[in-house]
Amino acid sequence: MHIDQTEKRYIYLSVGMVAVFAILLAISSVAYSINLVSPEGQVNPAHLTTPGATAYDGFAEPLENRVRMLAPNQYEAYIIGYATKGWKWEPNEVRVPVGSTVTFYVTSGDVMHGFKVQNTNINVMVIPGQISKATVTFDTAGEYPFICHEYCGILHHNMFGKIIVE
Ligand code: CUA
């Protein structure tokens with residue numbers, strides 16, 4: 001089959017670009033610690049806050065106890081996103097000492113949300129009935145805002161909170 005010289009160049013160029021992008025993607029996924037989220041567990045969104053109703057009893061704690069210390073500098077945080085409660089995260093503030101490793105368990109009480117923590121590699125979908133789990137170590141003191149990044153209704157932009165590392 002005859003392929004015109006110019007056409008050949010464009011075929012090589014487009015295949016080459018795909019190869020370059022694939023290589024850059026592989027390099028950046030290592031450099032920025034990009035990990036695919038694996039399924040963690042399932043819950044009934046209607047009974048999240050009922051003590052003993054799910055395997056994730058942290059969600060059933062009162063708001064002020066949704067962040068637990070497991071050991072010095074080891075924490076876990078249970079966060080629920082709600083559209084039906086006026087678009088908010090519960091809790092919307094997490095306070096931990098600098099150097100802490102925090103495992104976040106995030107889920108939704110109603111519709112699909114997203115959970116992104118600025119200046120970390122946490123960026124997960126928050127799906128009703130599913131638990132999204134992500135662990136990060138906060139080595140630098142400061143405030144780390146988190147937002148909902150999945151359009152979830154008219155006041156989607158109100159779904160934000162912060163992690164205070166002190
Ligand atoms: Cu929740 Cu957007």
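Quantities reported herein were computed from a predicted structural model and do not represent experimental measurements.
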Quiz prompt | Donor-acceptor under 3.5 Å (Asp110 side chain, Ala83 main chain) | solution = yes
Practice problem: May I ask whether Ile131 and Val124 are part of the same hydrophobic cluster, defined by side-chain heavy atoms of I, L, V, M, F, W, Y residues being less than 4.5 angstrom apart, directly or through others? | Solution: no
Quiz item: Any chain of hydrophobic side-chain contacts (each under 4.5 Å) joining Val165 to Leu70?
Solution: no
Quiz item: Between the main-chain N or O of Met125 and the side-chain N or O of Ser132, is there a donor-acceptor pair closer than 3.5 Å?
Solution: yes
Exercise. Any chance you could measure Thr49, atom OG1, to Ile80, atom CD1, to the nearest 0.5 Å?
Key: 6.0 Å
Exercise. Grab the two heavy atoms, one from Trp87 and one from His156, that are nearest each other, plus how far apart they are.
Key: CD1-N, 3.7 Å
Exercise. Compare all side-chain heavy atoms of Asn123 with those of Val117 and state whether any distance is below 4.5 angstrom.
Key: no
Quiz item: Mind checking what makes salt bridge (charged side-chain N to carboxylate O under 4.0 Å, His left out) contact with Glu76, not counting sequence neighbours?
Solution: Arg68
Quiz item: Are the side chain of Thr120 and the backbone N or O of Ile122 linked by a donor-acceptor pair below 3.5 Å?
Solution: yes
Practice problem: Run the numbers on Arg95 and Glu93 for salt bridge (charged side-chain N to carboxylate O under 4.0 Å, His left out), then give the verdict. | Solution: CA-CA 7 Å; Arg95 210 173 263 272; Glu93 191 178 296; 3.2 Å; yes
Quiz item: Can you find a heavy atom in the side chain of Lys8 that is under 4.5 Å from one in the side chain of Thr6?
Solution: no
Self-check item: Nearest-0.5 Å distance, OH of residue Tyr144 to CG of residue Asn119
Solution: 6.5 Å
Quiz prompt | Residues in salt bridge (charged side-chain N to carboxylate O under 4.0 Å, His left out) contact with Lys116, at least two apart in sequence or another chain | solution = none
Quiz item: Any donor and acceptor pair, going by atom type alone, linking the side chain of Arg66 with main-chain N or O of Ile79 inside 3.5 Å?
Solution: no
Self-check item: Thr103/Tyr75 under side chain to side chain contact (heavy atoms under 4.5 Å, CB included): CA gap, chis, key distance, verdict
Solution: CA-CA 6 Å; Thr103 299; Tyr75 291 81; over 6 Å; no
Quiz prompt | Sub-4.5 Å side-chain heavy-atom contact between Tyr56 and Glu40 | solution = yes
Practice problem: Specify the closest pair of heavy atoms between Asn73 and Val98, including all atoms of both residues, with the distance to one decimal. | Solution: OD1-O, 4.0 Å
Quiz item: Are Leu48 and Tyr105 linked, directly or through other ILVMFWY residues, by side chains that come within less than 4.5 angstrom of each other?
Solution: yes
Quiz item: Rounded to the nearest 0.5 Å, how far does NE2 of His113 lie from SG of Cys148?
Solution: 6.0 Å
Exercise. Could you walk me through whether Met112 and Val126 pass side chain to side chain contact (heavy atoms under 4.5 Å, CB included), step by step?
Key: CA-CA 6 Å; Met112 191 105 95; Val126 179; over 6 Å; no
Exercise. Write down the atom of Pro45, the atom of Ser108, and the distance for their closest heavy-atom approach.
Key: CB-O, 3.8 Å
Self-check item: Single-linkage hydrophobic cluster Leu155~Met159, side-chain heavy atoms < 4.5 angstrom
Solution: yes
Self-check item: Donor-acceptor contact present, side-chain Thr107 to main-chain Gln130, <3.5 Å
Solution: yes
Quiz prompt | Within one Ile-Leu-Val-Met-Phe-Trp-Tyr cluster: Ile163 and Val102, side-chain cutoff 4.5 Å | solution = yes
Quiz prompt | Results of side-chain contact (heavy atoms from CB on, under 4.5 Å) for Ala53 - residues two or more places apart only | solution = His47, Thr50
Practice problem: Apply ring pair (Phe, Tyr, Trp, His ring centres under 6.0 Å) to Phe115 and list each qualifying residue two or more places apart in sequence or on a separate chain. | Solution: Trp89, Phe104, Phe146
Quiz item: With a 4.5 Å heavy-atom cut-off, do Asn121 and Tyr32 have their side chains touching?
Solution: no
Exercise. Can you run down the salt bridge (Lys or Arg N to Asp or Glu O under 4.0 Å) pairs that involve residues 139-150, sequence neighbours left out, and say none if there aren't any?
Key: Glu143-Lys162
Self-check item: Distance (rounded to the nearest 0.5 Å) between Ser28 OG and Ile23 CD1
Solution: 12.0 Å
Quiz item: Side-chain contact, heavy-atom cut-off 4.5 Å: Tyr78 with Pro91?
Solution: no
List, one per line, each side-chain donor-acceptor pair under 3.5 Å for residues 11-18, sequence neighbours excluded.
from: Ser14; atom 1: OG; to: Tyr10; atom 2: O; distance (Å): 2.9
from: Ser14; atom 1: OG; to: Ile11; atom 2: O; distance (Å): 3.1

Quiz item: Is a side-chain N or O of Ser100 found less than 3.5 angstrom from the main chain of Val96, in a donor-acceptor match?
Solution: no
Practice problem: For Thr135 and Thr101, run side chain to side chain contact (heavy atoms under 4.5 Å, CB included): C-alpha distance rounded to whole Å, both residues' side-chain angles, the deciding distance at 0.1 Å, then the answer. | Solution: CA-CA 7 Å; Thr135 301; Thr101 299; 3.5 Å; yes
